[in-house]
Amino acid sequence: MKNTLTTHPEAGPRETLENAFSCGLETAWSRLEEQEPQCGFGTLGLCCRICRMGPCRIDPFGDGPKTGVCGATADIITARNLIRMIAAGSAAHSDHGRDIAHSLLIAARGEATDYTIKDEEKLKNIAGEIGIEVKGKDIRQLAEEVAEKLLAEFGRQDGELLFTKRAPEKRQKLWREEGLIPRGIDREIVEIMHRTLMGVDNDAENLIRQGVRASLGDGWGGSMIATELSDVLFKLPQPIRAQVNLGVLREDEVNIVVHGHEPTLSEIIVAAARDPELLKLAEEKGARGINLAGICCTANEILMRHGIPIAGNFLQQELAITTGAVELMLVDVQCIMPSLGSLCQCFHTKLVSTSPKARFPFAEHIEFKEEEALSIGRRIVRMAIENFPNRKKEKVSIPSKYISGVVAGFTPENVYQFLGGKYRGTYRPLNDAIISGRIRGAAGLVGCNNAQMGHDASHVQMARELIRHDVLVVATGCSAIGLAKAGLMQPESALKQAGRGLREVCEAVGLPPVLHLGSCVDCSRILVTLCNILKEGGLGDDLSDLPVAGAAPEWMSEKAVAIGFYFVASGVQTIISPSFPVEGADGTLELITRGLEKIVGAGFEFEDDPIKGAHLIIKHLDKKRAALKLAPMMYDLAPSALTLKNKDVEKKKR
Ligand code: SF4
Ligand code: MSK
């Protein structure tokens with residue numbers, strides 16, 4: 001096995017990798033090296049194994065086949081494969097939303113007594129919005145009705161998803177006219193699977209349009225339900241200070257790492273880890289306490305509601321185990337590497353799976369049931385404590401210097417308060433700052449990190465370049481964790497890196513220039529924030545008028561494809577890296593770039609260089625500003641890294 005140390009210096013501690021390699025262990029980086037060179041047909045999207053006359057592949061360059069056995073062209077094959085990715089991504093987010101709605105339902109019915117409704121105000125607002133009478137109902141009855149009505153959105157057969165009404169009128173009209181408005185969350189996903197079966201839909205544009213519709217069912221349906229009902233059940237996050245990176249693990253405490261996505265479980269573990277009886281047991285076992293930390297989006301959920309530290313993002317899940325200091329890692333669903341169990345064999349770490357939907361090699365399975373939540377949570381925490389004495393001191397290597405401060409927990413609701421002051425919430429100061437040219441616009445950085453790329457490097461470089469050019473950055477998922485690790489969510493240090501206009505506005509209202517908006521499903525918070533900005537006035541009458549853009553600069557999961565599509569379908573131009581696997585088909589490529597722009601007013605751009613990607617965003621924002629006839633930017637820009645780079649090249653030439 002080769003020893004590849006490719007983690008980015010700001011993102012991931014190399015010490016833990018060295019710890020892994022010295023034990024002869026594999027990580028995502030070493031396995032990637034074993035895979036290289038990766039299949040060119042797959043990268044370009046030109047292989048099909050949808051039926052058993054295949055697998056078929058298209059030769060994009062030479063004299064090889066230009067169609068599959070059935071006659072499918074490169075455009076048909078790439079479009080089918082791409083929308084199957086949207087189906088999988090939307091299904092994952094939406095199933096998460098369904099589970100949260102179900103938890104709310106059984107909590108309201110008194111069948112899951114460890115959960116209570118923590119945000120009654122938000123529940124009442126949602127009830128009013130979706131047409132449920134609030135007056136005269138007790139809170140549990142209201143919660144039951146809201147949960148039932150939103151659960152029905154998954155199986156809805158026709159009409160329009162309720163939360164699509166949150167979009168501006170003009171956007172809703174466009175979706176309706178183009179036949180893109182989602183009828184039901186599950187229906188659109190199932191229809192993708194039907195249409196992409198051999199011999200059904202063989203028109204690339206018709207296929208992509210269905211992909212768009214399913215993705216809207218995710219963004220304005222499944223993901224939005226997940227976010228809204230998590231706030232109801234576990235409370236609306238508020239800005240909170242915490243710490244992030246592997247240095248949050250403690251040498252003298254029982255370390256429990258929660259990894260996955262759904263807050264139903266992680267919220268309970270937070271409560272169990274504070275149980276005095278279990279804290280006493282930890283002391284008896286020689287530990288100074290119980291240290292809970294998170295990985296991936298479940299980490300974001302408990303970070304923003306409780307200030308629980310984050311041990312890392314997607315690519316750090318294996319590194320956390322190789323510190324040798326984790327007593328127990330518990331996982332639920334999504335983004336969990338199947339390698340974890342065998343890695344745990346080399347340390348004392350116990351891997352516990354909890355979801356009936358997701359089992360893993362070498363994991364102990366303790367099925368989580370909401371009805372017995374706290375007792376199961378306590379059992380898992382106890383297991384971790386009892387494992388503490390098994391820790392092998394000589395194998396412990398916590399990279400303590402890798403730790404950053406973060407302020408997390410921003411939401412469309414509390415940003416409103418921040419900008420307007422406690423008694424008069426408003427987005428006005430933000431809109432005015434954009435209109436007057438202090439802030440250029442906003443960019444949403446989302447998605448995963450990917451072993452094919454420098455760990456977090458693209459997220460960090462892109463965000464730095466954007467804030468330097470007075471672009472406000474909002475982030476979710478593993479992007480948010482990566483930016484936090486680089487110190488970009490610590491207002492004190494981050495503001496020094498921001499352009500003058502952005503810095504002035506952020507200092508005046510007390511916001512960092514990079515806002516942590518939560519987990520992957522919380523990309524729906526970005527949609528709501530954009531609707532609020534538009535409603536405030538002065539920046540056009542559709543989301544596609546706003547000087548905003550999206551980016552997923554290191555994506556790997558199909559969920560990021562779904563997010564990208566619902567951003568674009570909502571009118572938000574989106575920069576993607578690595579490219580979607582469609583580059584071998586000119587027609588599909590044209591469709592999802594310029595083609596979609598003609599239909600929904602936004603499209604995709606692929607750019608692997610994060611600085612160039614940032615400048616695509618800046619160019620797009622400037623185009624939107626010009627169309628709105630906004631004032632020129634107030635302050636001269638610092639020369640960009642891109643310009644510097646070009647100047648350096650020129651100098652060398654001379
Ligand atoms: Fe080949 Fe067509 Fe079957 Fe795909 S659907 S595997 S292209 S024959
Ligand atoms: S966890 S989907 S690696 S962002 Fe939401 Fe991170 Fe991507 Fe998973």
Side-chain angles (χ1 to χ4, degrees), residues 5 7 11-28 242-260 266 269-270 272-274 278-279 281-296 298-299 302-303 307-331 336-337 339-352 360 362-364 380-404 455 481 485:
L5 298 174
T7 183
R14 286 163 188 247
E15 292 91 321
T16 54
L17 273 177
E18 274 154 13
N19 203 12
F21 291 127
S22 67
C23 305
L25 302 178
E26 294 176 346
T27 68
Q243 291 183 313
V244 55
N245 217 341
L246 285 176
V248 305
L249 297 174
R250 306 248 172 86
E251 198 135 2
D252 50 0
E253 295 191 24
V254 175
N255 290 305
I256 302 174
V257 174
V258 291
H259 175 17
S266 50
I269 297 294
V270 173
R274 290 171 180 168
L278 290 172
L279 285 165
L281 180 66
E283 246 176 67
E284 285 163 18
K285 297 284 174 188
R288 291 187 65 164
I290 302 170
N291 181 38
L292 196 58
I295 299 264
C296 278
T298 208
I302 50 175
L303 162 79
I308 300 293
I310 289 192
N313 47 11
F314 173 70
L315 281 177
Q316 266 165 290
Q317 55 189 291
E318 292 181 308
L319 304 188
I321 291 169
T322 62
T323 62
V326 175
E327 273 57 54
L328 186 145
M329 181 181 275
L330 75 155
V331 298
I336 299 147
M337 289 192 195
S339 63
L340 294 181
S342 53
L343 204 53
C344 286
Q345 303 297 296
C346 306
F347 298 92
H348 75 302
T349 309
K350 284 187 187 296
L351 181 68
V352 175
F360 298 86
F362 302 109
E364 189 165 329
I380 294 172
V381 172
R382 180 179 291 271
M383 207 167 144
I385 298 168
E386 276 162 2
N387 196 25
F388 182 73
N390 298 328
R391 198 191 278 183
K392 307 256 176 333
K393 276 209 172 71
E394 65 285 3
K395 282 194 173 179
V396 173
S397 165
I398 300 175
S400 314
K401 65 179 182 199
Y402 290 93
I403 191 161
S404 300
H455 184 176
I481 300 174
K485 282 190 285 174

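When reading the values below, keep in mind they use all heavy atoms of this one structure, side chains included, and skip hydrogens, waters and symmetry mates. Sequence positions, counted from 1, serve as the residue numbers for this chain.
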* To do: Take F362 and L351 through the side chain to side chain contact (heavy atoms under 4.5 Å, CB included) test and state the conclusion after the steps.
  => CA-CA 7 Å; F362 302 109; L351 181 68; 6.0 Å; no
* To the nearest 0.5 angstrom, please state how far the CG atom of L278 sits from the CD atom of E284. => 10.5 Å
* Closest non-hydrogen atom pair between A320 and I295, with its separation -> CB-CD1, 4.1 Å
* At what distance, to the nearest 0.5 angstrom, does CD1 of I403 lie from CD1 of I310? -> 12.0 Å
* Asked: Can you tell me how far the CD1 atom of I290 sits from the CG atom of L279, to the nearest 0.5 Å?
  -> 4.5 Å
* To do: Hey, could you give me the CD1/CZ distance between I269 and R274, rounded to the nearest 0.5 Å?
  => 12.5 Å
* Write down the atom of L315, the atom of A28, and the distance for their closest heavy-atom approach. => CD2-CB, 4.4 Å
* **Polar side-chain atom of N255 near backbone of A293 as donor-acceptor pair, under 3.5 Å** => no
* **Heavy-atom side-chain proximity of L340 to F360 below 4.5 angstrom** => no
* For residues V396 and G324, report the shortest heavy-atom separation together with the two atoms involved. => CG2-O, 3.5 Å
* Asked: What heavy-atom pair brings A282 and V254 nearest, and what distance separates the two atoms?
  -> CB-CG2, 4.3 Å
* Asked: Which atoms form the tightest heavy-atom contact between A242 and L303, and what is the distance?
  -> CB-CD1, 3.4 Å
* **H455 side chain reached by N313 side chain, heavy atoms, under 4.5 Å** => yes
* Who passes salt bridge (Lys or Arg N to Asp or Glu O under 4.0 Å) against R288, sequence neighbours left out? -> D252
* Apply side chain to side chain contact (heavy atoms under 4.5 Å, CB included) to S339 and list each qualifying residue two or more places apart in sequence or on a separate chain. => R31, E318, M337
* What do the steps show when you test K285 against N387 for side chain to side chain contact (heavy atoms under 4.5 Å, CB included), and what is the final call? -> CA-CA 9 Å; K285 297 284 174 188; N387 196 25; over 6 Å; no
* Asked: Between I256 and V381, what is the shortest heavy-atom contact and its length?
  -> CD1-CG1, 4.0 Å
* Whether K395 side chain and C346 backbone form a donor-acceptor pair below 3.5 Å -> yes
* How many angstroms lie between atom CD of Q316 and atom CG of L246, to the nearest 0.5 angstrom? -> 4.5 Å
* Asked: Which pairs pass salt bridge (charged side-chain N to carboxylate O under 4.0 Å, His left out) with one or both residues in residues 320-331, sequence neighbours excluded?
  -> E327-R391
* Asked: Q317: what forms a side-chain hydrogen bond (donor to acceptor under 3.5 Å, both in side chains) with it, not counting sequence neighbours?
  -> H259
* Structure fact -> side-chain hydrogen bond (donor to acceptor under 3.5 Å, both in side chains) filter on Q243, not counting sequence neighbours, yields none
* Going by the side-chain contact (heavy atoms from CB on, under 4.5 Å) test, name the single residue among V258, V352, I385, T349 that passes it with L328. => V352
* Structure fact -> Value for NZ (K350) from CD1 (I380), rounded to nearest 0.5 Å, stands at 12.5 Å
* Which residues satisfy the side-chain hydrogen bond (donor to acceptor under 3.5 Å, both in side chains) test with S266, sequence neighbours excluded? -> T298
* Asked: What residue among N245, T323, L249, L319 forms side-chain contact (heavy atoms from CB on, under 4.5 Å) with P399?
  -> T323
